[in-house]
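Below you'll find the structure, written out as structure tokens, and then a few comments.
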Protein chains: 2
Amino acid sequence: MLNVLTLEEALDLSKKEFSLILRTEHVSLSKALGRILAEDIISKEYVPDFNRSTVDGYALRARDVFGCSDSIPAILAVQAQIRMGESTGFSLLEGCCAAIPTGGAVPAGADSIVMLEYAEDYGDGTIGVAKPVAPGENIIFRGDDVFPGKQVLPKGQIIRSQDVGALSAMGFTEIPVYCVPRVGIISTGDELVAPDQVPAPGQIRDVNSLLLAAQISTYGAVPISYGIVPDEEEQLKSAVGMALSECDAVILSGGSSVGVKDASCRVIESFGTVLFHGLAIKPGKPTILGRCESKPVIGLPGHPVAAFFVTELFIRPLMTALGGKPTKPRCVSARLSENISANHGRALYCACRLTQKEDHLIAEPIRTKSGLITALSAADGYFCVSRDCEGLMKGTEIQVYCFTEDQNGI
Amino acid sequence: MLNVLTLEEALDLSKKEFSLILRTEHVSLSKALGRILAEDIISKEYVPDFNRSTVDGYALRARDVFGCSDSIPAILAVQAQIRMGESTGFSLLEGCCAAIPTGGAVPAGADSIVMLEYAEDYGDGTIGVAKPVAPGENIIFRGDDVFPGKQVLPKGQIIRSQDVGALSAMGFTEIPVYCVPRVGIISTGDELVAPDQVPAPGQIRDVNSLLLAAQISTYGAVPISYGIVPDEEEQLKSAVGMALSECDAVILSGGSSVGVKDASCRVIESFGTVLFHGLAIKPGKPTILGRCESKPVIGLPGHPVAAFFVTELFIRPLMTALGGKPTKPRCVSARLSENISANHGRALYCACRLTQKEDHLIAEPIRTKSGLITALSAADGYFCVSRDCEGLMKGTEIQVYCFTEDQNGI
């Protein structure tokens, strides 16, 4: 018999036990997308480091063209042609201008740029300007984008494409980020064979190794597989010991119940402390959380659907605490397509299909026998019937947690 | 001068020109997460391939325990102990049962499993069963999950964690998927230096190479950088030629306008056809789409913010057409925090911050000078003011496209 915790109690306990000081590392900017910043990013430079033109035109003093018009253009001598990427080693003289491309460096003395469209080249080394400009017009000034001491990105930010761009601009090419948690995955069961093998009578293929690895990847962590281990305590201890020495967390799938052959609990106890054994959710009751060498070791039920839900509900937030991405499923409102009865005392998690009907979504529960993984492949998401609720009536408005973020337009 | 297309016209044209027959490849199941299935997946097997118990208990004939109760248990002889992963080479005799673990193979002759809790082991080779079971109870039958010919996953499905699980169960370890599009990225500009260099006066760091590579990755495509090329036609031709020979699409960033130094259009014409030059959006007007050797070549403005928006708005859907992920940004409603004026004739795209205020979101436009990439780092998303609209009043309800899918809970 198990003394079960609710999911909320289990999450609180896990949060308290595993609030670690996260390890950090530096990665190349080209590998930084999706990683989490471990420090505030403060600019050390001016960007741009010189005054730049935002248009093709002529750099000049605004006061030299005040009052000009189509009928009375201001005449200026062209003192220089500024080229892209070159410094301006001169000062603009009074009454003069310099041809400048978009992005070119504005010479000393110039305070504005008149666009090409408003200037006429007379071909004799002078131009006529037909429209006045305000001082500062069409110039990005030194440091307009960033300047030394300006915080551009905060610690904890997940690095997005535009952040990669901003870091490029400031010359940050090695980025301080949190280390990605490494999670060891061990599948146990005498009946399991690898997915590329043909099961003999009585055997089935191991689903959880690749299933859990895929889930762990989705949460921004790195799965490391330790293969299939028979339900044998010494072999399991050896696998867990190796995984503990190489990983930040270990998942042991199968053997988490209380039968004679269920060794997970004893194996976890041999390395540390069992924090709880049993979750008040369905599927997923025989779940174990242990702390071994200050690392979390999770015993999951062998049934793939149960393992999937416990990973989604319990291990996903744990991954965030260990330095993975702060992910959470997208939630939509939908109406239940049929009555559903629940298991009093345990929160029920049920996979469902979503279909659009007029102005609302319909959630159709997928009813399966225990352990049928393909049912989850037919699902768009899942909903929960709380432990104090005996069921929900057809038409009830429920919250559905979606399996995909954005692909289906639902 | 450019003859501009609206974004919608440009997207339609792009869709028509580049509806390709996608290439496919096989990947190992452990690498299949997030890839797109190129064929329907039809099971060739029964899963499970034998009748399995879903509980720890005794396999028996239901009719042998009909009518039993706590006071009058049915007495059965224990004929065998079934072990996990082993076949049952016997038939159950009448009046007999076999001990069976969860997941064990149900022997011939048995039609149901009674749970351990409802049986008492008398220690003399017999048990007493205190509760009747219905035929079929606590058994997953052969093929309950899948059977030969059943379609489990449809062509076009993005492979999720649970799909990896289902494919494991059926023994599919090499998965047919669409090839990921390879996108060459060339940054051009005499003023550009690599991000790890210190710009000399008049120079700036190349932002677009890494910015565009990050965006392209986000869309499920593979970016390949061809570095920084000076604004020189022959050198650009050589870079584009190499990229065309190695990639499915090429992006040329910078030099897309109509100035003397703007070589992109001429370079694209030298390899094929310019389909349009100019988009009625701000920022991003000087955008080019070409078709060279039946591949798309896109000329982007060099300004990072303009390049970012054109990539988000125009290249993202193109990547989907070429076999990338069908992604689209999440959209939320928000109220504008201030009046905003727009550029009549071009659709205005404006980055904004989102903040929750009571029961609604506030969108605060981020006003910047042209090209300031760090402004996008401060943004949560963007909104559009349509080309026929001269502006929006403070408080207007607008649709904001979010830069992140789910992290911030907004």
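This structure is a prediction, so every number in the text was calculated from the model and none was measured. All chains are named by letter (A, B, ...) in the order of the sequence lines, taking the proteins before the strands, and each is independently numbered beginning at 1. Heavy-atom basis, side chains included; hydrogens, waters and symmetry copies ignored.
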Interchain contact, [X] with chain A, by part (heavy-atom threshold 4.5 Å):
X: I36(B); answer: neither
X: T320(B); answer: neither
X: D49(B); answer: neither

Nearest non-hydrogen partners of [X] and [Y], listed with the distance:
X: Q162(A); Y: L211(B); value: CA-CD1, 3.8 Å
X: S161(B); Y: F308(A); value: CB-CE1, 4.5 Å
X: A169(B); Y: I373(A); value: CB-CG2, 3.9 Å
X: R160(B); Y: D380(A); value: NH1-CA, 4.4 Å

Can you tell which of [options] has the highest number of heavy-atom pairs within less than 4.5 Å of chain A?
options: T102(B), T88(B), D144(B); result: D144(B)
options: S257(B), S30(B), A214(B), G302(B); result: A214(B)
options: N51(B), V152(B), I204(B), L116(B); result: I204(B)
options: L210(B), D231(B), N208(B); result: L210(B)
options: G103(B), A166(B), A32(B), P101(B); result: A166(B)

Region of [X] in contact with chain B, defined by heavy-atom distances below 4.5 Å:
X: E86(A); answer: backbone
X: I41(A); answer: neither
X: D163(A); answer: both
X: T311(A); answer: neither
X: R83(A); answer: neither
X: S87(A); answer: both
X: A379(A); answer: backbone
X: A213(A); answer: neither
X: L33(A); answer: side chain
X: A105(A); answer: side chain

Of all pairs that satisfy salt bridge (charged side-chain N to carboxylate O under 4.0 Å, His left out), the ones with a partner from residues 197-225 of chain A, not counting sequence neighbours:
R205(A)-E45(B)
Not counting sequence neighbours, which residues clear ring pair (Phe, Tyr, Trp, His ring centres under 6.0 Å) with Y219(A)? List them please.
none
Looking at S377(A), G165(A), A378(A), which one has more heavy-atom pairs under 4.5 Å with chain B than the rest?
S377(A)
Which of the residues I216(A), L192(A), T173(A), L167(A) is involved in the greatest number of heavy-atom pairs with chain B at under 4.5 angstrom?
T173(A)
For a 4.5 angstrom cut-off between non-hydrogen side-chain atoms, does V47(B) reach T374(A)?
no
Rounded to the nearest 0.5 Å, what separates atom OG in S168(A) from atom CG in D196(B)?
10.0 Å
